[in-house]
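Below is one structure, written out as structure tokens; the observations come after it.
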Amino acid sequence: MTEEIYDVIVLGGGAGGAPAAIRAAQLGGKVAVVECENFGGQCMNRGCIPFGHMMVASNILGGLSLGKEMGLHFSGISKDYATLIKRQNELIDFMRQGVEGTLKKNRVKIISGRGKIAGKGKVEVNGKSISYKSIILATGAKWLKPEFPGADLEEVVTSDYLLNTEKLPQRVLLFGRSPWLIEIAQFLHRFGSQTTLATKERNILSDESKTISSRLRKALKKEEIDIKTQGEIVAATKKKDGLHVELSSKDGLETVVVDKVITIERGASLKDLGLKRINLDEDSHYLTVNSKMESAIEGVYAIGDLTGPQSKHFSHLASHQGIIAAENAMDKDASINPRTFTRIVFTQPQIACVGLTPKEAKDAGYDVVVGAAPYGMNPFGMIISENEGIVEVVAEKRYGQVLGVHFIGTDASEMAGQAVLAIQMEATVEELSRASFPHPTLSESLAEAARDALGKPIYLP
Ligand SMILES: Cc1cc2nc3c(=O)[nH]c(=O)nc-3n(C[C@H](O)[C@H](O)[C@H](O)COP(=O)(O)OP(=O)(O)OC[C@H]3O[C@@H](n4cnc5c(N)ncnc54)[C@H](O)[C@@H]3O)c2cc1C
């Protein structure tokens, strides 16, 4: 029997792999995707979609105070977590079927099983060898064990725990620097858990613009979420009344008694992919690729969480990279635009940061100008009592090219799309300032922040 040869084999059908396979097929390739669990990967099954769904529920609860201000009174609010989980599982099922259907419609061959490179141009799945001209590695990241005494206890869990339980922990410590922990902290707090959020960093979201991280911290503190910075778990010990966690932080050493510690530590796992067989390094933390998503070996591409540290683990980045890798595998010439790298957190207030922070822009050697427009000065912002919200535009002084736009507040993640477009199209602050955004909307603050960067705000005092 002749062995099947594919133009492109995609290993992993998650956030990056599925669009990669579809794009390669659209370009006329004979394509196969190998998936060992569920299509949609971490994002659809255990990340963006379930937790995005939970954050919508959390935001509904957060919006009740605005309703009250407007004379809408709600009584007897009950929170049924089992129903929430049931609804999101149905949604995930539906979306998964959508991915599988789209792959099939594009004539992508679906192969179920765990794939491994078997040698140059060969992949082994379920003991069978298949051949490729190009391969796109899209196998994502895996859970890493946190490193502290007691980390092996069953009470120390990952965010997956919340997807498999019908009852939320009453007392919980969320430990780490992942943005998803901040979302989860707010969700659990609003659903009635006693919540502590601890990070090793000097602040939550410490890599982002100071304006954004400090406003988020203030908002969470106002909601009475306990935040510990410069934190370290010294040890966790199981006792009768719960897990005793010795936590050292900027506030000193204390014992926090909880039911669960939730951590989110993820890293690429290069060891299981057979990389050595094609002379690729499998001892690094992640697989290094260039802007075309090419590895050091011709015809071998890699995308998504497999290719970067946890601070770069975003679904939209993985899918963008997937499309680029697919186009290059099909003899096109595509490159990633690092300037539009977007980070989001679906807390309330929401966070969305596109491109360079003021500090990153300065460190990159730009002469930087920053403009800002608070939502509190925006008519729609006033309607919805949005006090923490702000848009911050970062540009270089000489030509006014927009280098970054940072949002905190309602609909930040939706508005970030406008900023992505502006940066992608190399817009200047002058051009942004002249855009006529609809009224009354929060997006008007984007033009006002650009006008502020030019020193001519219209509505700011
Ligand atoms: C709690 C949480 C919340 C998140 N929320 C968001 C969010 O709101 N927005 C956002 O942008 N990002 C979010 N992320 C990050 C996002 O999930 C990832 O960045 C994204 O899924 C990465 O896509 P990927 O294709 O690289 O990997 P994945 O989506 O994980 O896909 C990898 C796929 O490869 C399969 N696979 C692995 N090994 C093999 C093998 N050897 N053979 C065959 N198949 C294999 C896996 O089963 C999986 O389906 C979240 C992450 C977490 C943990």
Side-chain angles (χ1 to χ4, degrees), residues 9-21 32-56 95-96 99-100 103 110-118 123-126 130 135-144 157-163 174 176 178-185 187 262-275 286-287 289 293 301-323 325 341-347 350-353 413 416:
I9 290 181
V10 183
L11 223 55
V33 61
V34 183
E35 172 54 55
C36 64
E37 280 182 49
N38 290 315
F39 280 110
Q42 179 69 25
C43 172
M44 191 175 290
N45 299 288
R46 294 183 302 274
C48 327
I49 301 305
F51 288 98
H53 184 264
M54 287 183 198
M55 290 317 290
V56 170
M95 291 173 92
R96 235 188 253 145
V99 174
E100 206 164 329
L103 287 164
I110 293 174
I111 302 173
S112 299
R114 187 168 285 280
K116 191 171 182 165
I117 293 172
V123 167
E124 191 187 296
V125 194
N126 306 328
I130 39 176
I135 187 165
I136 300 175
L137 302 170
T139 49
K142 295 208 165 134
W143 291 112
L144 303 176
V157 296
T158 69
S159 50
D160 281 357
Y161 169 82
L162 298 172
L163 306 176
L174 297 117
S178 163
W180 322 126
L181 283 175
I182 310 176
E183 294 180 359
I184 295 171
F187 169 82
I262 300 181
T263 66
I264 298 185
E265 293 290 334
R266 290 178 63 79
S269 164
L270 303 185
K271 289 263 190 277
D272 325 328
L273 295 175
L275 298 177
Y286 49 83
L287 193 53
V289 286
M293 311 320 296
Y301 299 82
I303 60 168
D305 290 0
L306 184 68
T307 62
Q310 194 170 357
S311 57
K312 294 251 163 101
H313 290 185
F314 288 98
S315 186
H316 45 268
L317 183 62
S319 61
H320 182 47
Q321 292 173 334
I323 291 168
F341 175 48
T342 304
R343 296 83 67 195
I344 33 93
V345 194
F346 292 94
T347 39
Q350 249 180 35
I351 306 291
C353 298
S413 58

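All heavy atoms count here, side chains included; hydrogens, waters and symmetry mates do not. Each ligand, and each atom within it, is numbered from 1 in the order the structure gives.
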field: Residue pair Gln310, Leu144: steps toward the side chain to side chain contact (heavy atoms under 4.5 Å, CB included) verdict
entry: CA-CA 11 Å; Gln310 194 170 357; Leu144 303 176; over 6 Å; no
query: Side chain or backbone of Asn45 under 4.0 Å from ligand 1, or both, or neither, by non-hydrogen atoms?
result: neither
message: So is Val34 touching ligand 1 or not, going by heavy atoms under 4.0 Å?
response: yes
- request: Examine ligand 1 and decide if any of its atoms is less than 4.0 Å from a heavy atom belonging to Gly113.
  value: yes
field: Test item: Leu137 and Ile117 side chains (from C-beta on) under 4.5 Å apart, heavy atoms
entry: yes
- prompt: Do you know which of Arg114, Lys142, Lys116 makes side chain to side chain donor-acceptor pair (under 3.5 Å) with Asp272?
  reply: Lys142
query: What atoms in ligand 1 come closer than 4.0 Å to a heavy atom of Phe51?
result: 1 (C)
task: May I ask which of Gly52, Ala138, Cys43, Ala302 has a heavy atom nearer to atom 17 (O) of ligand 1 than the others do?
output: Cys43
- line: For atom 31 (O) of ligand 1, the closest protein heavy atom turns out to be Gly14 CA, 3.3 Å
- request: Would you confirm whether Glu183, through its side chain, and Phe346, through its main-chain N or O, come within 3.5 Å as a donor-acceptor pair?
  value: yes
task: Could you see which bit of Phe314 sits under 4.0 Å from ligand 1, with heavy atoms only: side chain, backbone, both or neither?
output: both
task: Classify the contact between Arg266 and ligand 1 as side chain, backbone, both or neither, using a heavy-atom distance cut-off of under 4.0 Å.
output: side chain
query: Is the shortest distance from a heavy atom of Ile344 to ligand 1 less than 4.0 Å?
result: yes
message: Does any part of the side chain of Arg343, heavy atoms only, come nearer than 4.5 Å to the side chain of Phe314, both counted from C-beta?
response: yes
Nearest neighbour in protein (non-hydrogen) for atom 37 (C) of ligand 1: Thr139 O, 3.4 Å
- request: Considering only non-hydrogen protein atoms, determine which one is nearest to atom 41 (N) of ligand 1 and report residue, atom name and distance to 0.1 Å.
  value: Gly115 O, 3.0 Å
- prompt: Atoms of ligand 1 less than 4.0 Å from His316 heavy atoms?
  reply: 11 (O)
Nearest-contact summary for atom 46 (C) of ligand 1 - protein heavy atom, Å: Glu35 OE2, 3.4 Å
message: Working note: Ile184 + Ile264, criterion side chain to side chain contact (heavy atoms under 4.5 Å, CB included); need CA distance, chi angles, decisive distance, verdict.
response: CA-CA 11 Å; Ile184 295 171; Ile264 298 185; 4.0 Å; yes
task: Note the single closest protein heavy atom to atom 50 (C) of ligand 1, along with its residue, its atom name and the distance in Å.
output: Trp180 NE1, 3.3 Å
query: What atoms of ligand 1 come within less than 4.0 Å of a heavy atom belonging to Glu37?
result: 47 (O)
- prompt: In terms of residue, atom name and distance, what is the protein heavy atom nearest to atom 1 (C) of ligand 1?
  reply: Ser159 OG, 3.4 Å
field: Validation row: Leu287, Leu275 side chains within 4.5 angstrom (heavy atoms)
entry: yes
- prompt: Taking only heavy atoms of Gln42, which atoms of ligand 1 are found under 4.0 Å from at least one of them?
  reply: 17 (O), 21 (O), 28 (P), 29 (O), 30 (O), 53 (C)
task: Output, in order, the C-alpha distance, side-chain angles, deciding distance and verdict of side chain to side chain contact (heavy atoms under 4.5 Å, CB included) for Ser159 and Trp180.
output: CA-CA 9 Å; Ser159 50; Trp180 322 126; over 6 Å; no
message: If the cut-off is 4.0 Å to any non-hydrogen atom of Gly304, which atoms of ligand 1 fall inside it?
response: 26 (O)
task: Specify the protein heavy atom at minimum distance from atom 15 (C) of ligand 1: its residue, its atom name, and the distance to 0.1 Å.
output: His313 O, 3.6 Å
- request: Kindly say whether Gly304 contributes a backbone atom to a donor-acceptor pair with the side chain of Gln321 at under 3.5 angstrom?
  value: yes
Asn45 side chain vs Phe39 backbone, donor-acceptor pair below 3.5 Å: yes
query: Is Trp143 in polar range of ligand 1, meaning some N or O pair under 3.5 Å apart?
result: no
- prompt: Nearest non-hydrogen atom to atom 27 (O) of ligand 1 belongs to which of Ser112, Gly140, Ala141?
  reply: Gly140
- prompt: Got an N/O contact under 3.5 Å between Asp305 and ligand 1?
  reply: yes
query: Going by distance only, is there an N or O of Cys36 that falls short of 3.5 Å from an N or O of ligand 1?
result: yes
query: Any idea which of Pro179, Ala15, Gly16 brings a heavy atom closest to atom 29 (O) of ligand 1?
result: Ala15
message: Suppose I only count heavy atoms of Asn38 and a 4.0 Å limit; which atoms of ligand 1 are within that range?
response: 49 (O)
message: Given Gly308, Gly12, Cys48, Gly13, identify the one with the heavy atom nearest to atom 6 (C) of ligand 1.
response: Cys48
message: Within the 4.5 Å heavy-atom criterion, are Ile49 and Arg96 side-chain neighbours or not?
response: no
query: For ligand 1, which part of Phe346 has a heavy atom less than 4.0 Å away: the side chain, the backbone, both, or neither?
result: side chain
- request: Please work out whether any backbone atom (N, CA, C, O) or any side-chain heavy atom from C-beta onward of Ser315 is under 4.0 Å from ligand 1, and answer side chain, backbone, both or neither.
  value: both
